[in-house]
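Numbers here simply count residues along the sequence, with the first being 1. Since the model is a prediction, treat every value here as computed from it, not as a measurement.
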Amino acid sequence: SGALRQRCTGEKTKVSEEKPLSIRVLGLPEVSFEGRCLRFGRKKVLALLCYLATEGRKRSRRELAELFWPTSDERRARKDLRSALTRLRKALGEDGACGGDSSEGVRLLAIDGDLLGVEPRAVELDLQTLEAAVSLAWSETSATLPRGRSVDDAVGRLDLIAHLEGALGVYRGEFMEGFSLEDAPEFELWLEGERSRWRALFGELCERVMRLEGEEGLVGEAIGTAWLWARQAPLEESAHRRLMELLSGAGESERALLVYEGFRNTLNRELGMEPSTQMQQLAARLQEEVEQRASLGASLIYSAATTALS
């Protein structure tokens, strides 16, 4: 369990000490340097930085110019790219550290001739935190629990769950939530693809965390994780179905039905759709359970009242 605690806490401290640039793209995009929030003055400057950080590898100037300025000719698009890079360097405090295409002295931007990128050793990216958590949760939920675990094993498992529950908070919302570049359709397509990818990855993490919580009998925590998933994915049926199942298992079928009605209303309002047949059948079963309990309760009250009068 000691090694697990080091893995769950030590690495994060080390990362925060060594990486001065923080880029958060899960939710509203935020960039900070050594704790100071950065502003770029142009949406495409922020988009360029987030794109390069997310892709994780260098891209050619031509590719970037075509992606962000598709309606301009090549000469104008490259000029706009140079202008965006100038703003970016200035915001990052590197405008005086490099000249031309030389990468000498650059700490945050990786510039290699015609190729541009972000130096990964200098950047803390929330996407990497989420990916690492999913990988850890996957390895733990794929392993078979040994029989007769020791106290240390149990404590280590709880430490792991606490770490993964904390990692869920990294997902503050959709990838670059609310951000768009209407004059860059290829970038918009890339945005949609990334949003779908990270939404699915967050859902997978929630599923695996709930499985771990369930194995340790942490029913309340599992329900909390399901609520978080449902809030972050209001149109995701699997999130709401899982929440309904957990609430039902905890004897809260009425709340589970409220979750169903809320999801059904949202789905109908946003997409003009109804929940799947499987979801409707689950709701019908829960409604039947609620009615049976109400009927049983009424019968018990009547029986008690009759006995008291006789």
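In terms of heavy atoms, Thr266 sits closest to Pro234 at CG2-O, 4.0 Å. Between Phe179 and Lys43, the shortest heavy-atom contact is CZ-O, 3.4 Å. Here the shortest heavy-atom pairing between Pro275 and Leu267 reads N-CD2, 3.6 Å. Here the closest heavy-atom approach between residue Leu243 and residue Ile223 is recorded as CD1-O, 4.0 Å. In plain terms, the two heavy atoms of Ser248 and Ser253 that are nearest each other are OG-OG, 3.9 Å.
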Start with the C-alpha distance between Thr54 and Glu194, add both sets of side-chain angles, then the distance that settles side chain to side chain donor-acceptor pair (under 3.5 Å), and finish with yes or no.
-> CA-CA 9 Å; Thr54 300; Glu194 292 299 312; 5.6 Å; no
Worked check of side-chain contact (heavy atoms from CB on, under 4.5 Å) between Leu191 and Phe175 | CA-CA 8 Å; Leu191 269 183; Phe175 180 87; 3.7 Å; yes
Does the side chain to side chain donor-acceptor pair (under 3.5 Å) test come out yes or no for Glu55 and Trp190, once each step is laid out?
-> CA-CA 11 Å; Glu55 288 295 289; Trp190 175 81; 3.0 Å; yes
Evaluate the criterion side-chain contact (heavy atoms from CB on, under 4.5 Å) for residue pair Leu286 and Tyr260; output intermediate values, then yes/no.
-> CA-CA 10 Å; Leu286 293 175; Tyr260 173 76; over 6 Å; no
After noting the C-alpha distance and the side-chain angles of Phe202 and Val134, does the key distance pass the side-chain contact (heavy atoms from CB on, under 4.5 Å) rule?
-> CA-CA 8 Å; Phe202 175 69; Val134 171; over 6 Å; no
Could you check Ser238 against Trp229 for side-chain contact (heavy atoms from CB on, under 4.5 Å), going step by step and ending with a plain yes or no?
-> CA-CA 10 Å; Ser238 56; Trp229 186 15; 3.7 Å; yes
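Proximity of Phe40 to Val31: side-chain heavy atoms (C-beta onward) are separated by under 4.5 Å at one or more points. Leu26 is listed as a side-chain neighbour of Trp198, based on a closest heavy-atom distance under 4.5 Å. Looking only at side-chain heavy atoms (C-beta outward), Leu64 and Arg61 stay at 4.5 Å or farther from each other. Between Pro70 and Phe187, every side-chain heavy-atom pair lies at or beyond the 4.5 Å cut-off.
Between Glu66 and Arg62, at least one side-chain N (NZ, or NE/NH1/NH2) sits under 4.0 Å from a carboxylate O, which counts as a salt bridge. Ion pairing of Glu289 with Arg285 is present here, as a side-chain N (NZ or NE/NH1/NH2) and a carboxylate O approach within less than 4.0 Å. At a threshold of 4.0 Å, the pair Arg172-Glu30 counts as salt-bridged, since one of the basic side-chain nitrogens sits closer than that to a carboxylate oxygen. Using a cutoff of 4.0 Å between basic side-chain nitrogens and carboxylate oxygens, Asp114 and Lys58 are not scored as salt-bridged. We find that Arg195 and Glu177 are not joined by a salt bridge, their nearest charged nitrogen and carboxylate oxygen being 4.0 Å or further apart. Between Arg121 and Glu119 a salt bridge is recorded (basic side-chain N to carboxylate O distance below 4.0 Å). We find that Arg264 and Glu270 are not joined by a salt bridge, their nearest charged nitrogen and carboxylate oxygen being 4.0 Å or further apart.
Rounding to the nearest 0.5 Å gives a distance of 5.0 Å between CZ of Phe263 and CD of Glu237. Here Leu92 contributes atom CG and Leu21 contributes atom CG; the two are 6.0 Å apart, rounded to the nearest 0.5 Å. Separation of atoms OG (Ser22) and CG (Asp126) is listed at 7.5 Å; rounding is to 0.5 Å.
Applying the ring pair (Phe, Tyr, Trp, His ring centres under 6.0 Å) test to every pair with at least one member in residues 71-90, sequence neighbours left out, gives no pairs at all.
Linking Ile, Leu, Val, Met, Phe, Trp and Tyr whenever their side-chain heavy atoms come within less than 4.5 Å leaves Leu28 and Leu38 in two separate clusters. Hydrophobic clustering, with ILVMFWY side chains joined whenever heavy atoms are under 4.5 angstrom apart, groups Val259 together with Leu271. In this structure, Leu246 is not a member of the same hydrophobic cluster as Leu258, with clusters built from ILVMFWY side-chain heavy atoms closer than 4.5 Å. Leu115 and Leu88 are not part of a single hydrophobic cluster, where members link through side-chain heavy atoms under 4.5 Å apart. A continuous path of ILVMFWY side-chain contacts below 4.5 Å connects Leu212 to Leu158, so both sit in one hydrophobic cluster.
A side-chain donor-acceptor contact under 3.5 Å links Glu188 to the backbone of Leu181. In terms of modelled atom types and a separation under 3.5 Å, the side chain of Ser196 and the main chain of Gly193 share no donor-acceptor contact. Side-chain atoms of Glu213 do not come within 3.5 Å of backbone N or O of Val219 as any donor-acceptor pair. The main-chain N or O of Met279 is found under 3.5 Å from a side-chain atom of Ser276 such that the two form a donor-acceptor pair.
Heavy-atom contacts from other residues, nucleotides or ligands closer than 6.0 Å to CZ of Arg76 number 12 or fewer. No more than 12 heavy atoms of other residues, nucleotides or ligands lie within 6.0 Å of NZ in Lys79, so this atom counts as exposed by the packing criterion.
The side chain to side chain donor-acceptor pair (under 3.5 Å) check on Arg199 picks up Glu174, with sequence neighbours excluded.
When each of Leu116, Leu81, Leu67, Val118 is checked for a side-chain contact (heavy atoms from CB on, under 4.5 Å) with Leu48, only Leu81 meets the rule.
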